Structures are given as structure tokens and as C-alpha cells.
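Working notes, beginning with the structure itself.
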Protein chains: 2
Amino acid sequence: MDIRTLCLGVLTMGDASGYEIKKKFEDRLALVFHASYGSIYPALNKLTEEGLVSCREESQEKRPDKKVYSITSAGRYLFLDEIVKPVSADRVRSDFLATLIFARLLPAAAVSKLIDERIADRAEKIARMRENCAGKATDTDRFMCNYGLTVYQAELDYLKENRHLLEADALLARAAE
Amino acid sequence: MDIRTLCLGVLTMGDASGYEIKKKFEDRLALVFHASYGSIYPALNKLTEEGLVSCREESQEKRPDKKVYSITSAGRYLFLDEIVKPVSADRVRSDFLATLIFARLLPAAAVSKLIDERIADRAEKIARMRENCAGKATDTDRFMCNYGLTVYQAELDYLKENRHLLEADALLARAAE
DNA sequence: GTTCTCATGTAAATCGTTACATGATTAT
DNA sequence: ATAATCATGTAACGATTTACATGAGAAC
């Protein structure tokens with residue numbers, strides 16, 4: 001699954017501009033995938049060339065014109081082919097966790113700050129998601145939204161309850177210097 | 001944080017060959033980062049050129065020779081500089097979740113199979129981690145190991161309890177055709 | 001006998017980010 | 001005034017993966 005394919009997927013949920021697709025990546029897809037304008041716009045252009053999406057220009061009042069994309073039936077078939085393929089393993093990259101592995105090399109205050117920030121970030125995301133989940137119409141939307149909520153909450157609880165383990169290790173390492 | 005830096009980090013925990021570093025990425029670092037030989041070996045060569053690690057060749061009986069890398073003090077200083085930098089946001093890419101978003105486009109049996117496989121995968125990883133966590137010596141190691149265990153367990157429980165939401169949506173979509 | 005583990009590497013290709021470029025409107 | 005939102009794009013660069021290449025011993 002690449003960004004190109006996911007753009008196609010987003011368009012199965014309704015017409016959208018490149019800008020709106022980016023928004024969806026930030027909101028609904030934040031837990032799942034990541035994409036910048038630099039990948040979305042070229043992907044849409046290529047999909048248009050290949051006849052997998054069509055494009056109409058809409059002029060708006062007091063807003064820049066936008067290009068609204070629709071998925072074509074060829075696009076729909078291709079997307080279905082893609083999502084029945086076996087899924088590849090999750091790919092995670094977490095600077096936060098990578099740094100924590102080396103907590104013993106850091107000043108205790110730096111470790112505490114890092115964890116404080118992560119806790120604040122997760123708490124904020126959870127709050128936003130809770131609002132969001134309430135308004136979901138379909139079971140799938142609720143499933144996805146609550147999935148994120150559950151995993152983030154588990155992380156948050158774990159951090160609060162176990163941060164002392166890391167903070168103790170960081171302190172000990174300093175004391176031993 | 002890139003793979004180069006993380007190789008340096010792994011070497012702060014003890015000398016290792018490229019092959020052994022890859023192993024650590026698969027075991028301990030699987031939740032955190034991902035790296036292939038094609039990125040590790042060139043990284044080690046470059047770090048050697050730059051004097052951030054040193055390398056000695058060890059011949060073994062009935063095993064191919066190996067190159068064992070040690071971090072130098074220059075390498076240590078550079079690594080410390082790297083890990084005090086502000087961390088960038090997590091980057092997740094999950095084909096599994098991306099596919100589930102489109103559950104309504106899939107046959108119900110395909111959705112069920114996907115979830116079954118994920119549950120089996122998580123259950124297996126949890127079992128392996130439980131063993132692993134028991135033998136950890138430091139608080140940091142226990143923290144990291146239990147972190148993974150907690151998050152995976154939350155996901156597993158959630159999937160078991162809520163899979164019916166997705167399976168219902170997939171069935172409804174088919175019925176509406 | 002065939003697959004797995006140990007062991008190191010290279011080169012091409014892919015994929016995507018970052019930074020740049022532009023510009024109007026709206027909210028603080 | 002200044003920042004944020006809306007809106008689209010390109011080009012250079014960077015990072016990694018994938019596939020290829022090689023080979024011996026061990027386990028099943």
C-alpha cells in the first residue's frame with residue numbers, strides 16, 4: 001500500500017481536492033499513514049493521467065480555485081485489487097521510544113521532560129478523538145476511532161504508572177559517574 | 001534519528017557485528033524502528049570512515065568471519081548530541097489498519113481472515129515478549145519490554161471485543177449490492 | 001535434499017520528505 | 001501586524017528497501 005493507492009481509497013469515500021485529502025491524512029489517517037503535499041499532488045496528477053481518477057476545477061468565492069477529484073470505475077477496480085492483496089507488516093518509527101532506550105545516557109530531567117511532553121500529547125489527542133468518535137455514523141468509523149483511543153489510552157496509562165522506572169535508571173547512571 | 005544514529009546507539013550497549021545489530025532491530029527494536037542489511041552495512045562502513053566506530057575482524061570456527069564494531073569516544077559524543085535533540089513525531093504505516101478502513105468494500109470473509117491473522121500475530125508476539133521481559137536486568141529494559149506488551153495487549157483485547165463492528169459493516173455492504 | 005542460520009556486501013530503484021514558490025483571506 | 005487557513009505545485013535530495021551475489025555448516 002502506498003500513498004497513491006490510499007489517495008484512491010480516500011476518493012472511494014467521496015470526491016475531494018488534494019488539500020482535503022491531506023486533511024483526511026492528518027485527521028482520520030494519522031494513526032495509519034503519513035503523507036505530505038509533495039507526495040499527494042504528484043500522486044493525483046499521475047492517477048489522472050492514468051484515468052483512475054477524473055478532475056474538475058471549481059472556482060470559489062474568496063478562496064483559491066480548487067481541483068476536485070473523483071474516482072473512476074477503473075480506479076475503483078484497481079483499488080479493490082490492491083486491498084485484497086496480503087498486507088505487509090506495520091512499519092513504526094518512533095524517535096520517542098528510540099530515545100527512551102538510551103534513558104540511562106540522558107540527564108534525569110531530560111527523560112522527565114520527554115515523558116511529560118508525550119503524556120501531554122497523548123492526552124490532547126485522546127480528548128480530540130473522544131469528541132470525534134461521538135459523531136461517527138458507521139460501525140467502521142466508530143471501530144477505527146475507538147481503536148486509536150484505546151491504544152493511546154493504554155500508552156498513556158502505562159507511561160503514568162511506569163515512568164519512575166526510567167527516571168530511576170537515569171538518576172542511577174548519573175550517580176555512578 | 002536515522003539508522004546510522006541508531007547503529008551508534010546499539011553499539012553503546014556493547015560491541016556487535018552488522019548481523020548482530022540487525023538481530024537487535026528485529027528483537028528489541030521491532031516496535032521502535034526498522035532496518036534492513038542494505039541500510040545497516042553501509043551505515044557501519046561510513047561510521048568507520050568517520051572514526052565514530054572502530055572495527056576488528058574475528059575469524060570463527062565453522063562460521064564465516066565477522067567484523068565486530070566498537071563505538072569510539074567520538075562516536076559516543078556524537079550520539080549524546082543526537083539524543084538530546086527534540087524528537088520528531090512517530091511515523092506509523094499500517095497496511096492492516098489502512099485496509100480495515102475500507103472493510104465495507106471487502107467480502108466479510110476477507111475482513112474476518114485479516115483480523116484472525118492479526119489476532120494470531122499479536123498473541124504470538126505477546127507470548128514471546130512475556131518470556132523476554134522476565135529475563136530483563138535493568139529497569140529501562142523492563143520498561144521498554146512491558147511497554148510493547150501493554151500496547152499489543154490493548155490492541156488484542158480491542159480487536160476481540162470489537163471485530164463484530166467491522167464484520168457487520170462488511171456484511172451489510174454486501175447485502176446492499 | 002532442502003531449508004535455516006550465520007555472515008557481508010552492492011547497486012538500482014523506489015518512495016517520500018523538505019524546501020521553495022505564490023497569493024488571497026480571515027482570525028487574533 | 002502577524003499568523004493561520006485555504007490552495008496547488010515542483011525539484012532536489014535523502015533515506016531505505018529490494019533484489020542480487022556468494023558460501024558454508026547445521027538441522028530436519
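In what follows, every chain begins at residue 1, and chains take the letters A, B, ... in the order their sequences are listed. Predicted model, so just to flag it, every value in this text is computed and none were measured.
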Next item on the list: Give a yes or no on whether a salt bridge exists between B:Asp121 and B:Lys125, defined as a side-chain N under 4.0 angstrom from a carboxylate O.
Entry: yes
Note to self: Does the protein touch nucleotides 22-28 of chain C at the base, only the backbone, or not at all? Give it as B, S and - per nucleotide, heavy atoms under 4.0 Å.
What the structure shows: -B-SS--
Margin query: Tell me if a side-chain donor or acceptor on B:Arg93 pairs with a main-chain N or O of A:Phe33 at a distance below 3.5 Å.
Written below: no
Item checked: Whole-Å distance separating the CZ atom of A:Arg56 from the P atom of D:dT8 -> 12 Å
Check: When you measure from the side chain of B:Arg93, which nucleotide among C:dC15, C:dC6, D:dA15 comes out closest?
Finding: C:dC15
Check: Tell me: NZ of B:Lys22 to P of C:dG9, nearest whole Å?
Finding: 15 Å
Notebook entry, point to check: In terms of side-chain heavy atoms, does A:Glu49 have a donor or acceptor partner in A:Asn45 at a distance below 3.5 Å?
Noted result: no
Note to self: What's B:Lys23 touching, base or sugar-phosphate or nothing? Going by heavy atoms closer than 4.0 Å.
What the structure shows: sugar-phosphate
Checklist line | Euclidean distance, atom CG of residue B:Leu29 to atom P of D:dT16 [Å, nearest integer] | finding: 14 Å
Next item on the list: Name every residue in residues 37-49 of chain A that has at least one heavy atom under 4.0 Å from any atom of DNA chain C, in order of residue number, or write none if there are no such residues.
Entry: A:Gly38, A:Ser39
Item checked: NZ/NE/NH1/NH2 to OD/OE distance under 4.0 Å, B:Arg122 and B:Glu117 -> no
Note to self: One thing to verify: whether A:Asp95 and B:Lys85 come together as a salt bridge, which I'm taking to mean a side-chain N less than 4.0 angstrom from a carboxylate O.
What the structure shows: no
Check: Is any side-chain N or O of B:Gln60 closer than 4.0 Å to OP1 or OP2 of C:dA7?
Finding: yes
Margin query: In this structure, how many angstroms lie between the C1' atom of C:dT8 and the NZ atom of B:Lys66, rounded?
Written below: 13 Å
Check: Salt bridge or not for B:Glu58 and B:Lys67, using N-O below 4.0 Å?
Finding: no
Next item on the list: Specify the separation, in whole Å, of atom CG of A:Asp95 and atom P of D:dA15.
Entry: 13 Å
Check: Any Lys/Arg nitrogen of A:Asp27 or A:Arg128 sitting under 4.0 Å from an Asp/Glu carboxylate oxygen of the other?
Finding: no
Margin query: From C-beta outward on A:Ser36, which listed nucleotide comes closest to its side chain: C:dT18, C:dA7, D:dT16?
Written below: C:dT18
Margin query: I'd like to know if A:Asp139 pairs up with A:Arg142 as an ion pair, taking the criterion as any Lys NZ or Arg NE/NH1/NH2 lying under 4.0 Å from an Asp or Glu carboxylate oxygen.
Written below: yes
Check: Which of residues 5-18 of chain B sit near DNA chain C, with a heavy atom under 4.0 Å from it?
Finding: B:Ser17, B:Gly18
Next item on the list: Rounded off to whole Å, could you give me the CD1-to-P distance for the B:Ile21 and C:dG9 pair?
Entry: 11 Å
Notebook entry, point to check: Just wondering, more than 12 heavy atoms not from B:Tyr77 lying within 6.0 Å of its OH?
Noted result: no
Notebook entry, point to check: How would you label the contact of B:Phe25 with the nucleic acid (heavy atoms, under 4.0 Å): base, sugar-phosphate, or nothing?
Noted result: nothing
Notebook entry, point to check: Is the closest basic N to carboxylate O distance between B:Lys24 and B:Glu20 below 4.0 Å?
Noted result: no
Note to self: Under a 3.5 Å threshold, yes or no: a donor from one side chain and an acceptor from the other, between B:Asp65 and B:Ser59?
What the structure shows: no
Note to self: Return whichever of B:Glu20 or B:Arg91 has its heavy-atom-nearest nucleotide of DNA chain C closer to the 5' end.
What the structure shows: B:Glu20
Check: Would you say a side-chain N or O of A:Tyr19 is under 4.0 Å from OP1 or OP2 of D:dC6?
Finding: yes
Item checked: Gap between atoms CD1 and C1', on A:Ile3 and D:dG9 respectively (whole Å) -> 16 Å
Notebook entry, point to check: Can you find a side chain N or O atom of B:Lys67 that sits less than 4.0 Å from OP1 or OP2 on C:dG9?
Noted result: yes
Notebook entry, point to check: In whole Å, what is the span from the CG atom of B:Asp2 to the P atom of D:dC13?
Noted result: 19 Å
Next item on the list: Using the six-membered ring wherever Trp is involved, compare the ring planes of B:Phe79 and A:Phe102 and label them parallel, tilted or perpendicular (cut-offs 30° and 60°).
Entry: perpendicular
